[in-house]
Undergrad: 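Once you've had a glance at the structure underneath, I'll fire off some questions.
Order of listing sets the numbers, starting from 1, for every ligand and every atom in it.
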Amino acid sequence: IMFLSTSNLTKSYNTGIITHVLKGVGLEMKRGEIGVILGPSGSGKSTLMNIIGGVDRADGGTVEVDGNRITDLNNSQLVEYRRESVGFIFQFYNLVPNLTVAENIEVVSNISKKPLKTDEMLSAVGLYDKKNRFPRELSGGEQQRVSIARAIVKNPKLLLCDEPTGALDLETSRGVLSLLQKVNEQFGTTILMITHNSAIAGMAQVVFRMRSGEVAEVAHNSEIIPAE
Ligand code: ADP
Ligand code: ADP
């Protein structure tokens, strides 16, 4: 039984010309897996992830997460799904600049039903000693670790990461990726991650390669991923 499955997802934008961004996307992941989405710019990766995370709606097709059909939810149910079940991590951290590290995490835990403890999250990401600092006082890698703590404090079933290391140097990226692996192991969180870096695919159990609005290729753990 699959934890996450999408079937025949379609999405178009009309900006004068109609762009078919998703042309029938299907993918499946088991609970607790790490999945990676590779593919060139404009192939629909972010659109797909936004639909899975309930921040955008598909034109057609279905998304199921942990037995719930997300594509059937009304707007308020979708807000609830997003708030309780999904953690988001972005390339540019999206921390609130005038809140401390701890307060940034509490923005999320304060609206969650069963939040984990802020101090435990800070320890997990190695930033307990910086809890009263402001984002601008931290390095890029540290800010991304805060955003990981903020994403997991609600104990989400699913963690969606859009280019989480896109703004970081190689060394710092390694630290962020191994932290995500630790989250996956420690909390059993299923992780789906967009990246341009095919080296990152090595940490995934499943790799989806997108090409112009379709999943062109699926590879499971030990299979070799050809370069872009
Ligand atoms: P990727 O993440 O693979 O770079 P995206 O999902 O961001 O791809 O975008 C896929 C295509 O959809 C691009 O051509 C992009 O310009 C278009 N697109 C994305 N969002 C919108 C939007 N809100 N309005 C119009 N076009 C959009
Ligand atoms: P990295 O190379 O890992 O991105 P930096 O060189 O940016 O790290 O920062 C190294 C250390 O200095 C980090 O622990 C960071 O918290 C601290 N630091 C960076 N900028 C500031 C600042 N403006 N105020 C206080 N501490 C800072």
Undergrad: Tell me if a side-chain donor or acceptor on Gln77 pairs with a main-chain N or O of Asn74 at a distance below 3.5 Å.
TA: yes
Undergrad: Output all residues satisfying side chain to side chain contact (heavy atoms under 4.5 Å, CB included) with Arg69, sequence neighbours left out; order by chain, then residue number.
TA: Thr62, Glu64, Thr71, Asp72
Undergrad: Please examine the side chains of Thr190 and Leu159, heavy atoms only from C-beta on, and report whether any two atoms are closer than 4.5 Å.
TA: no
Undergrad: Minimum heavy-atom separation for Ile191 to Met29, with atom names?
TA: O-CE, 3.4 Å
Undergrad: List the steps, then state whether salt bridge (Lys or Arg N to Asp or Glu O under 4.0 Å) holds for Glu80 with Lys113.
TA: CA-CA 10 Å; Glu80 168 93 2; Lys113 282 191 185 140; 2.5 Å; yes
Undergrad: Under a strict 4.0 Å criterion on non-hydrogen atoms, which protein residues are in contact with ligand 1?
TA: Tyr13, Thr15, Val21, Pro40, Ser41, Gly42, Ser43, Gly44, Lys45, Ser46, Thr47
Undergrad: Are the charged groups of Arg174 and Glu171 less than 4.0 angstrom apart, N to O?
TA: yes
